[in-house]
Amino acid sequence: MTKDTPDAAERLVVIGNGMAGCRAVEEILARTPGRYAVTIFGAEPRVNYNRIMLSPVLAGDKTFDEIVINPADWYADNAITLVAGDPVVAIDRDTRTVTSALGRVEAYDRLLIATGSDPFIIPVPGKDLAGVVTFRDLDDVDKMVAAAARGGHAVVIGGGLLGLEAAHGLALRGMDVTVLHLMPTLMERQLDEAAGYLLKTELERRGQTILTGADTAEILGEGGRVTGVRLKDGRELSADIVVMAVGIRPATGLARTAGIDVERGILVDDHMVTSDPAILAVGECVQHRGTCYGLVAPLWEMCRSLADALAGAPSGFAGAATATRLKVSGIDLFSAGDFSGGDGCEDIVMRDAARGLYKRVVVRGDRLVGAVLYGETSDGNWYFDLLKRGEDIGAIRDTLIFGQAFALGGGAAADPDAAVAALGADAEICGCNGVSKGTVVAAIAGGACSLDAVRGTCKASASCGSCTGLVESLLRLSLGEGVEAGPRTMCKCTTFTHDDVRRLIVERNLRAIPQVMQELGWKTPDGCASCRPALNYYLLCAWPGAYKDDQASRFVNERLHANIQKDGTYSVVPRMWGGMTNPDELRAIAAATEKYGKMVKVTGGQRLDIFGVKKEDLPAIWADLNAAGMVSGHAYGKSLRTVKTCVGSEWCRFGTQDSTGLGIQLERMTWGSWMPHKFKIAVSGCPRNCAEATIKDFGVICVDSGYELHVGGNGGIKVRATDLLCKVTTEAEAMEVCAAFIQFYREDAWYLERTAPWIERVGLERIKARLFDDPEAITRLAAKFRYSQSFMQDDPWARRVAGEDADLHRHLAEFRPFPTLVIEEAAE
Amino acid sequence: MIGDWIDIGPTSQIAPGSARTLPVQGGEEIAIFHTLDHQFHALVNKCPHKHGPLSQGIIHGAVVTCPLHSWNISLKTGQALGEDRGCVPVIPIRVDAGRLYLQREALITAGSPTTGPK
């Protein structure tokens with residue numbers, strides 16, 4: 001093995017390719033680039049990813065690619081040899097070598113053990129049955145996702161952070177979930193009883209079954225596969241999957257066998273050195289001053305002290321207070337420090353049952369020692385900062401419970417930046433990536449002048465995004481007017497991007513536009529003409545059947561189901577399925593045009609457009625068109641427009657398939673669906689492509705052997721030819737892929753983003769991966785689309801004809817002409 | 001006083017976040033807006049830009065966005081906002097006992113095509 005580093009480089013071997021191991025390497029590289037030739041062994045066959053974010057992956061909010069911390073390029077750029085999928089099985093301290101499972105021997109000058117922890121498996125009968133999984137790595141997530149696709153019952157053993165996040169993900173994926181927790185209080189290590197109760201009530205309200213005081217006796221199975229769980233009190237629960245999430249144990253086996261001092265964890269000093277001076281250890285596998293850590297923030301501190309010591313500037317790790325922030329969609333929960341009470345401790349509690357708020361701070365003398373917040377956690381960072389710094393809170397004690405804004409005086413209430421300004425340099429801003437205020441400020445001083453730039457340089461706000469507001473405050477505080485707007489902020493009413501808003505709507509279970517604006521801190525009272533329609537669409541897409549469309553957030557065309565023209569009249573396009581019409585329809589269109597319109601024109605999408613119809617006449621013309629069997633063509637909507645076809649094999653001597661028939665089927669399946677933007681389909685019966693399918697959002701080219709499916713074409717301002725998505729052999733497959741592609745577009749694209757720019761932004765490869773990597777993905781997405789369509793496919797024209805929203809088409813009902821006015825005089 | 005204000009019906013006939021229209025015989029159509037914070041405003045129903053029907057725009061705060069080219073027009077002053085320049089006549093409106101009243105004089109003046117926006 002040759003390396004692109006000087007021969008003189010010391011050999012640093014890292015056992016563990018996880019968050020601690022890689023962070024340590026990053027810290028070392030930042031201080032002493034080139035000093036070490038680094039080899040990293042990882043048990044998992046993949047690059048380093050953010051394990052904390054496995055929960056959103058399970059919940060379907062993120063993909064694996066989105067939680068990668070160090071992509072393959074990072075290893076290559078830093079000349080790091082990554083041995084993934086081949087774990088180290090032995091350390092020989094005499095020869096200073098490690099040996100991998102596949103027999104690879106690697107010599108070291110320095111060895112870093114970062115083996116993390118293993119899930120604790122409770123030793124009950126049945127623990128080895130198929131279908132019993134843990135929640136530790138991506139493979140576990142894949143197993144849970146596969147199980148959820150089959151549906152049924154899930155039993156999660158363990159009501160701690162991990163267990164509840166697993167339960168949440170499985171529930172979102174449609175499983176019937178029961179959580180078994182041994183203790184009487186959920187998350188009892190982080191929560192007190194009252195907050196635990198609020199959490200339990202909320203989870204039950206969402207349909208999960210929570211059994212506390214539930215002691216598992218046995219996992220039941222049949223034919224080697226799990227079927228249920230029996231509790232010690234005799235109760236039996238059926239289960240198609242059992243998730244063990246009762247806790248973790250430091251992974252110390254390798255170190256112990258090698259003769260390194262181990263108690264619960266590998267013993268280290270303040271500089272992360274083990275009992276062997278050549279061997280270091282960091283992360284969940286270590287025991288420092290009697291404490292083992294299972295949260296991420298102390299890991300960052302360990303890595304810092306380790307790298308400082310190696311670089312000859314030892315700073316030392318002195319232990320860390322920990323804070324936990326649970327983000328189970330819409331449940332805000334924060335805890336920090338010690339709240340078990342005890343001598344000399346006093347509690348200050350505030351409850352607001354109506355708003356579901358619970359706050360408790362624990363004070364010893366004039367110091368804050370613990371805090372639990374439920375329902376409203378924005379002061380979490382401030383309390384945690386007071387706690388870590390051991391600040392004297394005597395002066396603000398009376399108002400401490402009301403939060404920073406109140407406790408520090410009225411000024412901070414009006415100015416959120418003041419609250420951030422008051423934080424110390426080591427106050428944590430980003431919990432996911434362990435980034436302090438000082439680090440963010442340094443990144444900004446180093447030239448990161450936008451949110452994206454900060455995310456790119458120090459990773460703050462780059463994972464779950466919940467600290468975006470804090471980072472933006474720091475940008476404003478540091479740069480004033482010099483902040484560069486992030487390119488993707490949804491509109492000036494919010495600091496969130498389209499992606500953030502879409503994710504948070506689902507995560508926090510937001511159901512209406514005012515609720516989104518309230519919860520996400522909109523800067524305007526009721527949004528603007530950009531964000532209102534976008535939010536309306538995002539909610540419609542997220543909650544099919546449940547969300548009530550907001551007419552006040554619709555562009556006029558979608559509100560009046562017709563296209564406004566420059567003179568204020570409207571044009572009306574009835575649907576012609578696959579471009580097919582007949583004499584009766586044509587007669588009805590002719591009559592309607594004479595009666596209500598001024599002109600009729602053939603459109604580019606193989607339909608007829610009646611122009612010059614007045615707003616008041618729309619229900620009447622629709623009634624006539626409905627009577628002839630025609631429905632809305634949605635020529636006005638961010639929705640499925642037309643399906644253009646050629647005549648295909650029925651008439652054409654070149655036709656290979658029934659393109660017209662397939663087009664009609666596609667249109668019957670997709671009409672009425674709201675989308676991020678307008679969406680056009682075409683089906684050509686042969687590669688001569690008379691239907692111009694290669695400039696449509698979804699285009700089918702029929703060939704002798706089947707159907708080529710193309711996506712992302714556009715004939716508009718910027719012409720773009722489609723990309724080939726895949727080839728299928730049957731009409732049914734073509735329909736299924738079409739439904740799945742549309743659903744992914746509906747869920748992923750930004751509002752007002754056509755498929756062409758969407759594909760250019762996210763990349764065809766990502767779309768293909770989403771559709772084809774998981775063999776179930778197409779079926780699942782198509783099923784979601786069909787479910788959504790079950791609420792969409794009733795003709796909006798017919799509803800208006802029947803009297804719905806009649807006021808939209810009428811002048812004011814009680815208008816009285818002016819009896820004494822002589823308006824004519826004013827006219828010329 | 002009744003003669004100076006014209007009763008145009010109950011407030012309930014205009015849903016919050018929407019607008020309705022009042023044709024004036026021989027004159028300009030009036031748009032009456034009901035904002036999401038329950039204020040009422042009346043403007044000539046013509047954008048100062050290209051005469052788009054403001055009554056069909058999206059209403060946010062005390063602003064309506066014209067459906068044709070997205071000019072933002074203040075419902076309070078009739079002025080175009082931002083970089084755009086132009087103004088549309090405002091008709092004083094008041095709410096009394098759940099009914100809407102437009103000021104007769106302003107309605108006649110603003111409603112007259114000779115003084116309407118170009």
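These numbers were taken from a predicted model, which means no experiment stands behind them. Here is the naming used below: chain letters follow the sequence lines, and residue numbers restart at 1 for every chain.
The heavy-atom pair separating B:Gly17 from A:Ala552 by the smallest distance is O-CB, 3.4 Å. B:Thr65 and A:Ala529 make their closest contact through OG1-CB, 3.2 Å (heavy atoms, listed as atom of the first residue, atom of the second, distance). Scanning both residues, B:Leu36 and A:Arg532, for their nearest heavy atoms gives CD1-NH1, 3.3 Å.
How far OG of A:Ser553 is from NE2 of B:His60: 10.5 Å, rounded to the nearest 0.5 Å. Atom CG in A:Asn557 sits 10.0 Å away from atom CD in B:Gln56 (nearest 0.5 Å). Atom OG1 of B:Thr21 and atom CZ of A:Arg810 lie 12.0 Å apart (nearest 0.5 Å). With rounding to the nearest 0.5 Å, the separation of CD1 in B:Ile58 from CG in A:Asn536 is 9.0 Å. To the nearest 0.5 Å, the span separating CG on A:Asp807 from CZ on B:Arg20 amounts to 4.0 Å. Atoms CG and CD1, from A:Leu812 and B:Ile30 in turn, are 11.0 Å apart once rounded to the nearest 0.5 Å.
A:Pro514 does not touch chain B: none of its heavy atoms, backbone or side chain, sits under 4.5 Å away. Contacts between A:Gln551 and chain B at a heavy-atom distance below 4.5 Å are absent for every atom of the residue. Heavy atoms closer than 4.5 Å to chain A are found in the backbone of B:Ile59, but not in its side chain. In this structure, chain B has a heavy atom under 4.5 Å from the side chain of A:Arg559, while its backbone stays farther away. Contact of B:Leu100 with chain A is not made at all, since no heavy-atom distance falls under 4.5 Å.
A:Cys528 places none of its side-chain heavy atoms less than 4.5 Å from the side chain of B:Val63.
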